[in-house]
Amino acid sequence: MQFFIDTANLDHIREAAELGILDGVTTNPSLMAKEGISGEQNILNHYKAICKIVGDDRDVSAEVISTEFDGMVKEGTKLAKLHDNIVVKVPMTKDGIKAISWFTNEGIKTNCTLVFSAGQAILAAKAGATYLSPFVGRVDDISWDGIGLIEEIAEIYETTGFETAILAASIRSPLHIVQAAKAGAHVCTCPLSAILGLLNHPLTDIGLAKFLEDHKKANG
Ligand code: G3P
């Protein structure tokens, strides 16, 4: 399973990249706004800065703001020209599916976002989406089963042979990451806190303290 970081915060992206485990980045308009990035040129420059940090061959999802097909195509084409790493992120709407089909024909990678059902996952895969982003946390938020959705889509893609990668999004915790991996997600995009949370185990801390204490006793 690939690890993406779900943020527009450059320090968080750098920290994850330095761990050597980072395969890509996802952003969305809310995450860009959270970092105070606004205005077309600033937004484009920020995507370029992200691509520079992660280096070659690591996909960076940049989301279109347009909701109409023509606008999505225009905006996505501009984003895709920024850097080879850019994946055009498109919402799961009728125009979005049409745009994903268009980008697929043009050889431009896409990430279909705001996915909440298996039916939507089938449509996006038919349109040739490179990535599909089911929102695990937001499904859990309404007392449905976010990880169950990943399992269902993974089964459908396996059965049908669809090549779209399942990118588990709206991940909120280390447990979500483990569950998404078990459920068959090809990629998990997570905030830095969830990635770092994977490190934690009290027995690791206790064990390390004991090793160091014993070494000190033996070596003075
Ligand atoms: O990748 C989508 C993600 O950013 C949404 O996460 O926590 O706002 O549901 P959240």
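When a residue number appears, it is its place in the shown sequence, counting from 1. FYI, side chains are in, hydrogens and waters are out, and symmetry mates aren't considered; it's all heavy atoms of this structure. In listed order, ligands and their atoms are each counted from 1. All figures in this text were calculated on a predicted structure; none of them were measured in a lab.
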Test your reading of the model: is there a side-chain donor-acceptor pair from E75 to the backbone of I65, 3.5 Å cut-off? yes
Which N/O atoms of ligand 1 sit under 3.5 Å from a protein N/O, and at what distances?
unit_1, atom_1, unit_2, atom_2, d
ligand 1, 1 (O), D6, OD1, 3.3
ligand 1, 1 (O), D6, OD2, 3.0
ligand 1, 4 (O), D6, OD2, 2.6
ligand 1, 4 (O), N28, ND2, 3.0
ligand 1, 7 (O), R172, NE, 2.8
ligand 1, 8 (O), R138, NH2, 2.8
ligand 1, 9 (O), R138, NE, 2.6
ligand 1, 9 (O), S170, OG, 2.7
ligand 1, 9 (O), R172, NH2, 2.9

If you count every heavy atom of other residues, nucleotides or ligands that lies below 6.0 Å from E163 atom CD, does the total exceed 12? no
Checking D59, T189, T113, T7 against T26 for side chain to side chain donor-acceptor pair (under 3.5 Å), the one that qualifies is T189
May I ask you to decide whether K98 forms a salt bridge with D95, counting only side-chain N to carboxylate O separations under 4.0 Å? no
Using a strict cut-off of less than 4.0 Å between a Lys/Arg side-chain nitrogen and an Asp/Glu carboxylate oxygen, indicate whether K74 and D70 qualify as a salt bridge. no
Between D141 and R172, does at least one N-O distance fall below 4.0 Å, as a salt bridge requires? yes
